[in-house]
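Written below as structure tokens is the structure these notes are about.
To find a chain, count down the sequence lines: A is the first, B the second, and so on, and within it residues start at 1. Only heavy atoms go into these numbers, but all of them, side chains included; no hydrogens, no water, no symmetry mates.
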Amino acid sequence: MHKKFDHKTIEKKWQKRWRDEKVYEVANDHKGKKKRYILTEYPYPSGNLHIGHWYAFAVPDILVRAKRMQGEHVMYPVGFDSFGLPAENAAIKNKLDPKKWTYENIDRMTAQLESMGNSYDWSRAVRTSDPDYYRWTQWLFLQLFKNNLAYRGTSMVNWCPLCKTVLANEQVVGGKCERCGSEVEHREMPQWLLRITDYADRLIDDLDALNWPEPIKESQRNWIGRSEGINIDYTIVGSDEVLTCFTTTPVNFGASFIVIAPEHPLTAKLTTKENEETAKTYTEASAKKNEMERTGQKEKTGVFTGSYAINHVTGEHMPIWIADFVLKDVGTGAVQGCPGHDKRDFQFAKKYGISIRRVVVGPDNDTSDIVSEDQVVEKGTQGRMINSGFLDGVDFADAMEKTKDYFESKGWGKRVVRYKLRDWSVGRQRYWGCPIPIVYDPEGLPHAVPDEHLPWLLPEDVDFTPTGEPPLAKSEALKKRTVEIFGEGWTPEVETLDTFVDSSWYFLRYTDPKNTEVFATTEAQGAWMPIDAYFGGAEHTTMHLLYARFVQKVLCDMGLATVPEPFTVRVNRGLVLGPDGNKMSKSKGNVIDPDEQVSRLGADTVKIYLAFMGPYGEVTNYPWDMGGIAGTRRFLERVHGLGAHVHENEPRDVTSLLHRTVDKVTRDIEHFKFNTAISAMMIFINAAEKDGLSEESYKTFLKLLAPFAPHLAEELWETAGESFSIHQATWPLADKSLLTEETATIAVQINGKARGTIEVSADTEEESAMDIAKAHKHIAGYLDGKTITRVVYVPGKILNIIVR
RNA sequence: GCCCGGGUGGCGGAACUGGUAUACGCGUACGACUCAAAAUCGUAUGUCGCAAGGCAUGUGGGUUCGAUUCCCACCCCGGGCACCA
């Protein structure tokens with residue numbers, strides 16, 4: 001008889017022992033072991049740990065523990081991304097101190113994280129809102145500032161006139177402020193920006209060498225959006241103004257109109273008297289829309305300015321229109337329309353009666369006039385040029401180079417490379433963030449706060465109720481501090497940094513978390529960087545990951561970082577949904593509380609359930625299944641009782657299965673396929689319960705289980721008389737000679753349809769396989785009276801007999 | 001709209017490099033144990049059919065001896081789109 005599986009006692013006992021003996025703390029000296037740095041995106045301290053946190057942190061711990069047992073020196077750090085808007089919103093709403101709110105949440109979540117039993121090195125924990133941390137965020141910003149990579153510019157924002165604050169797109173619902181319901185405006189605001197676009201080429205090119213899933217790399221390439229084209233300068237009829245259009249396609253002979261953004265600097269000048277009224281109305285309406293509303297609408301609209309530009313190659317007068325699907329900050333804010341080559345342009349031309357000319361002939365060789373949308377030959381299809389003067393007959397693919405040469409030689413335009421990527425705006429008119437360490441002199445010029453005054457502390461005498469002024473502008477202490485240090489007339493910067501700046505370097509701090517002299521020495525970074533696996537959410541694919549790569553490159557260029565790319569492997573994970581298949585939310589009442597599950601079924605059960613749910617590293621959403629987790633608990637109960645099946649004579653089949661299980665679990669962990677690893681262990685335990693297993697096999701199985709059910713495995717390891725700790729034991733190796741079974745069951749197909757199976761040894765020749773098949777009563781029935789015309793035999797796999 | 005991903009039993013999913021589709025788990029049904037229930041154990045379980053057999057991996061086509069897997073077109077669902085993190 002064995003004791004009941006008492007998960008609560010076991011968890012408490014071993015979590016304490018692991019903590020007391022600092023089992024998972026690692027030094028920067030690897031003592032000859034291979035280093036491995038495994039990282040998960042650190043959490044925002046939102047209040048309570050939810051099941052998504054478990055999925056994010058407990059499942060990668062399987063890999064961490066397995067690698068440690070495989071003899072590697074593994075760092076698995078944890079921390080908190082503790083600056084951010086939720087703290088401020090909670091503060092405004094409930095009149096709390098955002099600092100108090102944040103740190104109480106951190107305490108609660110730390111306790112919850114510890115209940116997971118992850119093999120975290122807590123001694124390296126960082127919190128981005130700690131002055132010891134953000135002094136280095138400030139230092140980083142100043143390095144960018146001193147290297148002309150941080151500058152004052154402008155960017156468009158959502159503005160709520162009543163709340164007097166900038167809103168995230170998320171806070172704008174149907175064009176209205178989420179909080180107060182006022183109509184949201186779109187304003188251009190002065191802004192601190194980082195020159196990430198200077199690094200655009202390297203951010204694209206360096207992707208090639210990274211071992212990331214190709215779709216993630218592709219998303220980054222598209223986000224950066226490099227396109228090579230030409231800026232064409234157009235003369236305006238009856239005006240001295242020059243209008244520049246960016247284009248990547250060689251269709252100037254078919255360009256019959258120009259569209260400019262409503263906010264384009266020339267909009268007013270190009271609009272003639274009789275069109276002023278309509279243009280004004282249109283421009284005002286478009287100011288109320290956000291980018292997605294402007295570019296996403298199905299039917300494009302526009303208004304005519306009354307002005308014309310002269311087409312260089314045709315001499316024709318092209319009407320200039322204002323349309324909100326053109327954005328001021330994209331390209332030059334003005335585009336030429338070619339209705340014969342672009343469906344959007346075709347719809348626009350048709351709607352407003354603008355002329356349409358075919359300039360590209362597609363593979364269908366249709367040279368007729370274009371009268372319907374499906375005749376439009378779009379970019380990316382093959383084709384040759386027509387009605388295009390010097391380009392006639394040239395392959396579409398070659399025509400752009402010729403156009404660039406021609407336009408440059410005539411002085412009509414010049415080659416440019418443009419990016420969709422914009423500079424990173426980092427200033428926030430918020431309180432709970434890292435203060436930007438800049439002060440302005442009496443002339444209003446920005447200066448770096450000298451190093452000796454870092455950390456440039458966030459003042460606490462602030463009323464952060466939104467008034468239209470950044471909260472820090474209301475701090476007397478900050479003003480006083482500035483005047484005292486820099487003199488009369490000097491003023492502080494009152495914006496704080498985007499939290500993405502905090503998170504763009506935290507992984508470097510983990511290598512040297514206590515250093516007071518530098519953010520992290522190159523020795524410490526050299527010991528751990530680059531990160532061998534970075535686990536996180538798919539929503540970070542383009543922003544956080546790109547920002548972190550950018551910062552890493554900047555530091556590397558300055559000789560302050562050791563590698564140009566921070567993350568060698570990236571794994572994007574999916575989402576855990578409520579039992580009803582919807583995203584968990586309080587309003588839907590479908591939230592699964594992890595604490596409740598852990599208390600009822602145990603941390604190991606929750607961990608294995610999440611790992612078993614589906615493959616990790618695929619961005620799929622999995623509904624929580626109460627029955628499913630009960631099944632996982634049953635599995636662990638059976639593991640708990642497995643000791644009772646240990647006896648001296650282990651059948652050879654069980655031995656062989658164990659070695660195949662070792663092999664499969666080892667390989668699956670490597671590929672983040674924890675679900676099939678668990679399934680393999682279930683298959684083993686099914687057989688072991690039935691046929692019995694040896695003491696040695698039992699212990700080997702416990703080692704396989706250890707990364708998945710760390711508490712239970714540790715307990716059973718002790719019960720089996722082994723010494724602490726199973727997590728420091730050596731990972732089992734599969735005996736290759738036991739991996740392959742002697743005979744294989746192969747399928748026999750008749751005309752491609754499975755009709756039966758035969759038992760053959762792996763090295764059976766086709767002829768004898770055929771003999772066995774013919775002797776098989778059922779299969780023989782299909783061959784009776786037929787002529788065999790062909791036989792496809794793949795040893796160990798299949799025998800396909802084609803008959804007539 | 002643009003970019004990325006995904007559609008396999010009642011459910012989560014499995015299937016190596018193109019080779020027996022549905023492993024493993026859940027659920028369900030029946031049986032054993034029990035005064036009874038729960039728990040546990042056993043058996044069955046894609047679908048239609050008494051069976052032989054047919055039909056099934058979102059839909060339609062193609063390549064192949066053979067397609068969940070490769071190619072083309074389409075439909076549906078999820079994520080991202082720059083001040084939530």
Side-chain angles (χ1 to χ4, degrees), chain A residues 41-44 46 81 83-86 89 155-158 165-172 189 191 213-223 225 290-298 300 325 344 420-430 498-500 502-503 537-544 546-547 572 574-575 577 581 583 609 612-615 618-632 634-635 637 667 673 675-676 678-683 686 745-749 751-757 789-794 796-802:
Chain A
E41 285 164 359
Y42 61 173
Y44 177 79
S46 50
D81 187 15
F83 269 139
L85 195 54
N89 286 343
S155 75
M156 293 294 286
V157 297
N158 303 309
T165 181
V166 178
L167 300 175
N169 276 338
E170 174 188 75
Q171 299 170 298
V172 182
M189 295 242 321
Q191 197 67 244
E214 195 51 45
I216 301 181
K217 293 200 221 175
E218 193 57 22
S219 291
Q220 289 216 346
R221 287 190 196 103
N222 292 336
W223 181 264
N290 70 22
E291 257 179 55
M292 229 179 298
E293 287 161 346
R294 283 173 56 166
T295 57
Q297 59 201 335
K298 255 213 168 86
K300 310 297 177 194
F325 65 83
R344 185 186 65 189
K420 239 188 275 170
L421 180 72
R422 294 176 225 160
D423 274 342
W424 173 13
S425 89
V426 293
R428 298 290 182 268
Q429 297 70 45
R430 313 275 187 209
D498 177 10
T499 55
F500 275 128
D502 308 329
S503 59
E539 68 276 16
H540 291 299
T541 298
T542 45
M543 301 179 67
H544 163 60
L546 211 51
Y547 295 147
N572 278 4
L575 217 64
L577 305 175
K583 236 182 197 168
Y609 170 67
F612 185 57
M613 204 165 54
E618 267 179 36
V619 189
T620 312
N621 300 333
Y622 306 103
W624 184 269
D625 178 4
M626 285 300 177
I629 193 165
T632 310
R634 269 199 287 278
F635 167 64
E637 305 259 11
R667 278 186 294 115
K673 293 181 75 179
N675 57 331
T676 47
I678 293 164
S679 146
M681 290 191 281
M682 287 171 168
I683 292 169
N686 286 344
T745 308
I746 72 165
V748 180
Q749 302 185 329
N751 290 347
K753 279 205 180 293
R755 294 300 182 190
T757 58
T789 56
R790 188 176 166 187
V791 174
V792 180
Y793 177 59
V794 183
K797 295 224 166 122
I798 204 152
L799 176 67
N800 190 6
I801 306 165
I802 314 302

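If you check every strand for non-hydrogen atoms under 4.0 Å, A:N158 touches nothing. Counting non-hydrogen atoms under 4.0 angstrom, A:F500 reaches a base of the nucleic acid. If you check every strand for non-hydrogen atoms under 4.0 Å, A:H544 touches nothing. The residue A:Q220 sits apart from the nucleic acid: no heavy atom pair falls under 4.0 Å. Base engagement by A:G427 is indicated by at least one non-hydrogen atom pair under 4.0 Å involving a base atom. Residue A:E41 is classed as having no contact, given no heavy-atom separation below 4.0 Å to the nucleic acid. Contact annotation for A:K583: backbone-only contact, meaning every heavy-atom pair under 4.0 Å involves sugar-phosphate atoms and none involves a base. A:L421 comes within contact range of at least one nucleobase, with a heavy-atom separation under 4.0 Å.
Summarising the geometry, the separation between CG on A:L85 and P on B:rA85 is reported as 6 Å, rounded to the nearest angstrom. Remark: P of B:rG25 and CD1 of A:I678 are 12 Å apart, rounded to the nearest angstrom. Rounded to an integer number of Å, the gap from CZ of A:R634 to P of B:rG42 is 12 Å. Computed from coordinates, the A:Y547 OH to B:rC81 P distance equals 10 Å when rounded to whole Å. Between A:E214 atom CD and B:rG5 atom P the separation is 9 Å, expressed in whole Å. Per the geometry, CG belonging to A:N222 stands 17 Å off P belonging to B:rG80, to the nearest Å. Rounded to whole Å, the distance from NZ on A:K420 to P on B:rC3 is 7 Å. Per the geometry, CD belonging to A:E539 stands 7 Å off P belonging to B:rG80, to the nearest Å.
Shown here, B:rC24 forms a base pair with B:rG12; the pair counts as Watson-Crick or G-U wobble because both key distances fall under 3.5 Å. With a 3.5 Å ceiling on both atom-pair distances, the Watson-Crick or G-U wobble partner of B:rG42 is B:rC30. Base pairing of B:rG49: no nucleotide in any strand meets the Watson-Crick or G-U wobble criterion (both distances under 3.5 Å). Across all strands shown, B:rC2 forms a Watson-Crick or G-U wobble pair, both distances under 3.5 Å, with B:rG80. With a cut-off of 3.5 Å on both pairing distances, the Watson-Crick or G-U wobble partner of B:rC74 is B:rG58.
Between A:K583 and A:L575 the shortest side-chain heavy-atom distance falls below 4.5 Å.
In this structure A:R790 satisfies the salt bridge (Lys or Arg N to Asp or Glu O under 4.0 Å) test with no other residue, sequence neighbours excluded.
Going from the C1' atom of B:rG9 to that of B:rG27 covers 12 Å, rounded to whole Å. Here, B:rG79 and B:rG61 have their C1' atoms 30 Å apart, quoted to the whole Å. Nucleotides B:rU17 and B:rC70, compared at atom C1', are 12 Å apart to the nearest Å. Only the C1' atoms considered, B:rC75 is 47 Å distant from B:rU40, to the nearest whole Å. Comparing B:rC2 with B:rA82, their C1' atoms sit 14 Å apart, to the nearest whole Å. Comparing the C1' positions of B:rG49 and B:rG1 gives an interatomic distance of 50 Å, to the nearest angstrom. Going from the P atom of B:rC72 to that of B:rG6 covers 15 Å, rounded to whole Å. Taking atom C1' in both B:rG7 and B:rC16, the straight-line distance is 23 Å, to the nearest Å.
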Got a list of protein N/O to nucleotides 18-21 of chain B N/O distances below 3.5 Å?
none

Taking N or O atoms only and anything under 3.5 Å, show me the protein contacts with nucleotides 11-13 of chain B, one pair per line.
from	atom 1	to	atom 2	distance (Å)
B:rG12	O2'	A:M613	O	2.5
B:rG13	O3'	A:N675	ND2	3.4

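Of the possible donor and acceptor atoms, one in the side chain of A:Q220 sits under 3.5 Å from a partner among the backbone N and O of A:T541. The backbone N or O of A:I802 sits less than 3.5 Å from a side-chain atom of A:T789, completing a donor-acceptor pair.
Aromatic pair A:W424/A:F500: ring centres not closer than 6.0 Å.
Judged by distance alone, the side chains of A:D81 and A:Y44 never bring a donor and an acceptor atom under 3.5 Å apart.
In this structure, A:V619 and A:A538 approach most closely via the heavy-atom pair CG1-CB, 3.7 Å. The minimum heavy-atom distance linking A:S425 with A:Q191 is given by the pair CB-CG, 3.6 Å. The two residues A:V166 and A:R430 make their nearest non-hydrogen contact at O-NH2, 3.0 Å. Scanning both residues, A:Y609 and A:D625, for their nearest heavy atoms gives OH-N, 2.9 Å.
Note on A:R221 versus A:E214: salt bridge recorded, some NZ/NE/NH1/NH2 to OD/OE distance being below 4.0 Å.
Base orientation at B:rG9 is syn, since its O4'-C1' glycosidic dihedral falls within 90° of 0.
In this structure, the nucleotide among B:rC83, B:rC81, B:rG53 sitting nearest to the side chain of A:W223 is B:rC81. For A:I802, the listed nucleotide lying nearest its side chain is B:rC65; candidates were B:rA82, B:rG79, B:rC65. Of the listed nucleotides (B:rA82, B:rA15, B:rG25), B:rA15 has the atom at the smallest distance from the side chain of A:K673.
Place A:K753 and A:T676 on RNA chain B by their nearest nucleotides, and A:T676 ends up nearer the 5' end. Both A:P215 and A:I683 lie close to RNA chain B; mapped to their nearest nucleotides by heavy-atom distance, the more 5′-ward contact belongs to A:P215.
Note: A:F83 CZ to A:D498 CG = 12.5 Å, rounded to the nearest 0.5 Å.
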